[in-house]
Amino acid sequence: MSEVSLETIVSLAKRRGFVFPSSDIYGGLAGFYDYGPYGTQLAKNIRDLWWQHFVEKVPNIHGLDSAIIQNPKLWEASGHVAGFNDPLVDCKNCQARHRADHLAGVDSTDLKKLDELIKDKPCPKCGQKGHFTEARTYNMMMKTYVGPVEDNENVAYLRPETAGSIFTNFELVRETTRAKIPFGIAQIGKAFRNEISPRDFIFRTRELEQMEMQYFVDPKNETEEYENLRKFNWNFCIEAMGFDEANLQWHEHTEDERAHYARAAHDIQFKFPFGFKELWGTHNRSDFDLTAHGKASGKELNYFDPETEKSYVPFVMESSVGVGRIFLAALVDSYAEEDVEGEKRVVLRINPKLAPVNVAILPLMKKPELAGKAKEIYTMLNQSTNLRIEYDETGSIGKRYRRQDEIGTPKAVTVDFDTLENDDVTIRDRDTMEQKRVKITDLAKELSNDS
RNA sequence: GCGGGAUUCGUAUAUCGGCUAAUAUAUCAGUUUUCCAAACUGAGGAGACCAGUUCGACUCUGGUAUCCCGCACCA
């Protein structure tokens, strides 16, 4: 198991075109990152794999792709407008920052009232009384304006999570798919949060991409459905992503940790270089969302059960994971260094399905006869398979193997002088470095089997 | 947001108040019929940004930005 440092991952990510600081030439922008050529492909492969497992292969889960900007009423009903307006104070003595409403012991956003209530309270950190700044709010939702005039009438928010619009589309999806409970709605998309302090590379960013699935169930089955979803999420990490089980653990939220909507919450934590941290959340959101949106919109979001002929508000079991986080986990999980004849070899032992490049085509040397043959094979495979193939002729053959190792390419095909005589090539394996000789006519089949 | 540290070729490091900024590696071109980062030759590539001090600043000072570490935050 690897104990790779974050610096090593950041350096590799930049050096090999996985992740760049956003607007790098201007000095970057905190909380935002750009994905380079290999990173873009890796992220796409992760999304595709998730979509396959959560939508395409599941008959009663349906896909959705909703707008990033929604009617602001949605976020009022969901509790985000209030929740993202946490009143905060700083202790002028020790600089610690606290939630004013927590200090006051009340649930309020009235800043003046809170100032009054906490006036004589001690700072939880240093114990000093009467040193708090005035309460301020830090709205964590990104604001924008819809229409040409920037005023309060036109305020809108970039969604802070993808879940909201799944609830607003609940009835339309149910109707168009004729779905019966239990069923799910899944979505992959960007969300935005004005995090106070983005941290740990791409772990906590201000622009994030979520893969979420909300599963609507009969309240009487909540526990069973919740447990099933937890297992499903865990299995995806182990079986589909191929993560080392030793890098994963469960964390159950205590009542204090839980969000306002959650009846139960379990995180899958991954062993990042900065510790075990949340990778994937499973939440029992109860009927909180459908009830809230039903009330606020005036359109009841009930489900009529045709068997019992009764209506009820379904419970929501939520599965939520960030693309950036699972991307980072994939790099950390697969990064390995080993000694090969006294030299250090860096290899990403990543799930072949996720690898940005499946196959590298390499002429043994940059000779016209070898390069020509290799390019022929490249074209042939490109046309006859769905493999992602890369051609490389610069540098020694050993150097090119190591280049591909570093980006996790599972197979390399090498064209040598025997190829010209016998129409066969070697396939070199990323993990074992072993080679086998294969006829060019069998190449497509041979490579497709492995990927 | 608070406190601490850092910022020099793509990456990792060095040096210096006068810089023509060094080394390794990486990259590119070439030589070598070369299967695990070989060697050799050559090429391109840098002091985050903005001010100040100074005859002169990559070097000193201040601010800003970004990254890392701790704290807080994570609805």
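Each chain gets a letter, A, B and so on, in the order its sequence line appears, and its residues count up from 1. Values reported hereafter were calculated over all heavy atoms of this structure, with side chains retained and with hydrogens, waters and symmetry mates removed. Computed from a predicted model, the values in this text were never measured in an experiment.
With sequence neighbours excluded, no residue forms a salt bridge (Lys or Arg N to Asp or Glu O under 4.0 Å) with A:D418. In terms of the side-chain contact (heavy atoms from CB on, under 4.5 Å) criterion, residue partners of A:K295 (sequence neighbours excluded) are, by chain and number, A:T291. Under the salt bridge (Lys or Arg N to Asp or Glu O under 4.0 Å) criterion, A:E225 pairs with no residue at all, not counting sequence neighbours. Qualifying salt bridge (Lys or Arg N to Asp or Glu O under 4.0 Å) partners for A:R230, counting only residues two or more places apart in sequence or in other chains: A:E227. Under the salt bridge (Lys or Arg N to Asp or Glu O under 4.0 Å) criterion, A:R199 pairs with no residue at all, not counting sequence neighbours. Every residue two or more places apart in sequence or in another chain that forms a side-chain contact (heavy atoms from CB on, under 4.5 Å) with A:T426 is listed here: A:T414, A:Q435, A:R437. For A:P37, the side-chain contact (heavy atoms from CB on, under 4.5 Å) test picks out A:F20, with sequence neighbours left out. Residues forming a side-chain contact (heavy atoms from CB on, under 4.5 Å) with A:S22 (at least two apart in sequence, or on another chain): A:L29, A:F32, A:D34.
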Where do N or O atoms of nucleotides 30-37 of chain B meet protein N or O atoms at under 3.5 Å, pair by pair?
unit_1	atom_1	unit_2	atom_2	d
B:rG30	OP2	A:K366	NZ	2.9
B:rC35	O2	A:Y401	OH	2.8
B:rC35	O2	A:Q435	OE1	3.2
B:rC35	O2	A:Q435	NE2	2.4
B:rC35	N4	A:D416	OD2	2.5
B:rC36	O3'	A:R402	NH2	3.3
B:rC36	O2'	A:R402	NH2	2.8
B:rC36	O2	A:R428	NH2	3.0
B:rC36	N3	A:R428	NE	2.9
B:rC36	N3	A:R428	NH2	3.3
B:rC36	N4	A:R428	NE	3.4
B:rC36	N4	A:M433	O	2.5
B:rC36	N4	A:Q435	NE2	3.1

If you restrict it to nitrogen or oxygen atoms, what contacts under 3.5 Å exist between nucleotides 61-68 of chain B and the protein, and what is each distance?
unit_1	atom_1	unit_2	atom_2	d
B:rU66	OP1	A:A30	N	3.1
B:rU66	O4'	A:G27	O	3.2
B:rC68	OP1	A:F201	N	2.9

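Scanning RNA chain B for stems, defined as runs of 3 or more consecutive Watson-Crick or G-U wobble pairs whose donor-acceptor distances all fall under 3.5 Å, gives the following ranges: B:1-7 with B:65-71, B:10-13 with B:22-25, B:27-31 with B:39-43, B:48-52 with B:60-64.
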For residues 5-14 of chain A, tabulate all N or O donor-acceptor pairs below 3.5 Å that involve a side-chain atom, not counting sequence neighbours.
unit_1	atom_1	unit_2	atom_2	d
A:S5	OG	A:T8	N	3.2
A:S5	OG	A:T8	OG1	2.7

